[in-house]
Amino acid sequence: MPRVVQRGIPAPAGPAPGASPDRPSTPHEGRLARVLTGLPESLAAIVAGFSVGPMVLLLLGHFDAAVAVPLGCLGALAAAWFCGVPARAAARTELGCTLTAIAGVAAWVAYNVRYTAQDVYATRDPATYTITARWLVDHESLQIHAQPGIFGSPPGNIIASGSYAQISGDVLNVQGNHLLPALLALSARLFGTGALFTTNVVLTGLALLVFFGLARRIVDARLALVAMVALAVSMPLIYVGRDTYSEPLAMLFLMGSLALVHRGFTSRRLADFALAGLVGGSATMVRIDSYGALIALVVAAIVVASVGNGYRRRERYAAALALLIGAAVPTVIGWLDLAKLARQYYDAQHHNIVLLLVALGSVAAVSPAVVWIAQRDRARRWLSDARTRLHLTLVINALLVLTFVALATRPLWSTTRGARNLNLENMQRRWGATVDGTRTYHEQTVHWLALYLGWPTLVLAVAGYALLVSFLVRRRDYALAAVVTMGLTMSALYLWNPQIAPDQPWAMRRYVPVVLPLLLVAAMAALQWLWQWGRARQAGRAIVALACVYVVAFPAWVSWPMRHVRDEVPQLPQVEAICAAVGSRGAIVEVDAAAIFGYGQTLRSFCNVPTIGLVGATPDQLAAVKRSVTAHGRVLYVLSQDPARARYAAGSTPPAFSRVVVQRWPTQINKAPDTADGQTYTMFLSTVDDAGFAHPVPPPGR
């Protein structure tokens with residue numbers, strides 16, 4: 001039987017602003033109502049519980065769906081059991097808003113699933129995740145053997161492509177963490193190749209519901225619903241949700257961990273703290289920047305160990321330890337994933353990873369000393385003094401406001417630069433910006449947020465953060481510690497230096513997992529305070545209502561021109577046509593750099609045939625390669641995007657095997673996109689005769 005959890009025990013100094021779950025109102029006593037109300041937290045725990053087993057199998061090099069799916073389901077069931085069901089009945093408002101959120105998420109998924117991308121040409125991260133997932137559908141290991149020996153290992157051959165780096169003679173590693181590709185691969189095994197492109201929409205929908213579950217713990221459930229809808233219609237979330245980006249999954253875990261930490265402070269259950277750690281730590285199996293976000297969980301552990309929430313000392317220590325141990329398990333798995341299965345990426349990002357780990361480790365290392373000091377009589381008296389708490393609140397909020405003003409005015413006093421970026425120069429020329437490849441545009445980060453949410457929402461968010469700091473410090477609402485810490489630290493980090501190419505909407509990826517959602521929660525906290533302040537003033541409530549409309553309408557208006565954009569379609573049919581023509585016994589040589597970079601690993605993953613790059617291969621080289629390929633019982637094919645790169649037997653330019661024109665999200669500078677871009681992909685496919693001359697394969701249908 002699932003364990004029953006108690007909700008709604010307020011902090012000693014009173015509940016958080018608008019903590020509606022703690023206020024009884026026309027209860028619905030049924031178990032179904034309680035299950036539905038607790039669904040957001042349960043979903044976060046279930047996804048995290050499911051993820052651990054498959055990732056362990058991936059690390060062991062035995063990623064078999066027949067084992068991974070049952071193992072993942074066992075983990076999910078265990079996590080759901082520990083998460084339990086809320087013990088108290090749901091208030092009518094809370095239940096109604098939760099049902100509305102579930103329906104809204106279902107509608108969001110149903111709409112956006114029609115516009116999912118088909119990113120299989122390796123340019124940026126989404127294609128990498130999709131191609132990797134497709135590889136895992138048919139293979140148990142991410143130590144990818146490119147098999148250059150089949151081609152005779154010709155001099156100058158290239159097996160690396162896109163984000164797939166050569167780490168030894170014939171082995172490739174793929175960049176980044178691999179939980180998202182693992183989940184996509186399992187989905188594709190269960191539901192077909194199309195699931196590679198639709199699963200992330202579902203994960204994004206789940207992340208939205210989990211975010212609502214967190215928001216309703218901080219503000220009134222109706223305002224939490226406003227925050228969820230505003231995020232759902234914002235361009236950054238739509239952009240990453242329709243393609244295979246890792247940010248929605250990271251958001252699901254990080255928002256879920258904050259919700260479970262908050263619940264732990266009110267429920268006093270060790271299971272809630274352990275699950276909060278497990279869920280938050282699972283984000284490190286998705287993205288390396290999650291190490292920075294986990295600092296908030298260490299701070300929460302310090303707070304609960306120091307002051308608790310009505311706990312006895314032993315209970316406080318146990319809760320803190322449960323939180324840290326819960327986070328440690330998936331964090332170690334995430335680190336091993338990087339170190340073992342993404343070696344070149346790990347080496348390239350070593351400086352950034354070490355900085356984040358040092359920051360996280362330093363906070364963890366000093367935590368026992370901080371807890372010891374906080375429990376000394378003098379420190380307790382000082383921290384419990386009302387004037388001390390007031391002064392701390394004033395200092396923190398003064399720094400908060402000054403930092404926001406400094407960042408918002410940064411374009412007036414700073415122009416940030418870095419190493420020259422030739423791709424950036426091409427973007428600048430295309431979109432009419434001043435050509436300067438050294439620009440990073442980091443001084444524009446606050447303005448980027450305003451592009452998608454509007455300046456009034458940003459001002460409300462700053463005011464809301466100030467209120468949350470006040471509730472945390474002055475009213476000692478310690479359940480807010482993790483929320484405030486994660487929101488402010490990750491905002492400061494990425495508003496100062498997002499460490500990403502500055503084109504829009506690509507750059508906004510950085511702000512999806514933490515910055516945007518918690519910014520909207522803070523804005524709702526400000527509106528809730530205004531609502532309560534204007535309770536007796538009709539005009540005050542009208543202002544709040546109009547503000548809620550604005551918070552949703554502005555991002556929806558910005559997103560509207562791009563509502564029907566379907567990125568990179570029909571790339572999948574082009575790849576499938578190549579696979580059908582080559583067959584299961586083919587072997588492909590790409591003879592130009594574009595085909596090597598874009599389709600080298602794609603064809604290994606989707607066609608399950610060996611490929612190799614040989615730029616500008618001569619007939620003599622191709623003749624030797626054919627002899628080796630034939631000896632291995634395969635048929636040699638040549639692929640290029642430039643027909644001049646191969647020598648054809650007829651001596652004339654052949655017809656293209658496939659030509660597709662796709663929509664793309666544009667890459668604009670300091671501007672939210674309002675029209676789709678276009679891109680043409682032309683592929684030339686040929687067989688090779690014994691003399692090494694190419695013979696074009698006719699286009700499909702001819």
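Between the side chains of T244 and T130, a donor-acceptor pair is found at a separation under 3.5 Å. No hydrogens or angles considered: a donor-acceptor pair under 3.5 Å links the side chains of D125 and Q175. In this structure, a donor-acceptor pair under 3.5 Å is absent between the side chains of Q344 and D347. In summary, the side chains of S414 and E443 do not present any donor paired with an acceptor at a separation below 3.5 Å, with no hydrogens or angles considered. Side chains of S640 and R645: no donor on one and acceptor on the other come within 3.5 Å. Residues Q428 and E425 have side chains that never bring a donor and an acceptor to within less than 3.5 angstrom of each other. For R659 and T682, the side-chain atoms include at least one donor-acceptor pair closer than 3.5 Å. Side-chain contact, W557 with Y550: no donor N or O sits under 3.5 Å from an acceptor N or O.
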Test salt bridge (charged side-chain N to carboxylate O under 4.0 Å, His left out) on R430 and D677 and set out the steps. CA-CA 11 Å; R430 173 163 188 143; D677 202 355; 2.5 Å; yes
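Ring-plane geometry between H564 and Y111 is classed as tilted, the angle between the planes lying from 30 to 60 degrees on a 0 to 90 degree scale. A parallel orientation is assigned to the rings of H139 and W135, their planes being inclined by less than 30° (bins at 30° and 60°).
For Y245 and Y129, the ring centers are positioned 6.0 Å apart or more. Residues H447 and W455 bring their aromatic ring centres within 6.0 Å.
Classification of R420 and D436 as a salt-bridged pair fails, no side-chain N sitting under 4.0 Å from a carboxylate O.
With W496 as the aromatic partner, R410 meets the cation-pi criteria of under 6.0 angstrom to the ring centre and within 45 degrees of the ring axis.
None of Q143, Q166, K340 except one satisfies the side-chain hydrogen bond (donor to acceptor under 3.5 Å, both in side chains) rule with N173; the exception is Q143.
The shortest distance between side-chain heavy atoms of V589 and V625 falls below 4.5 Å.
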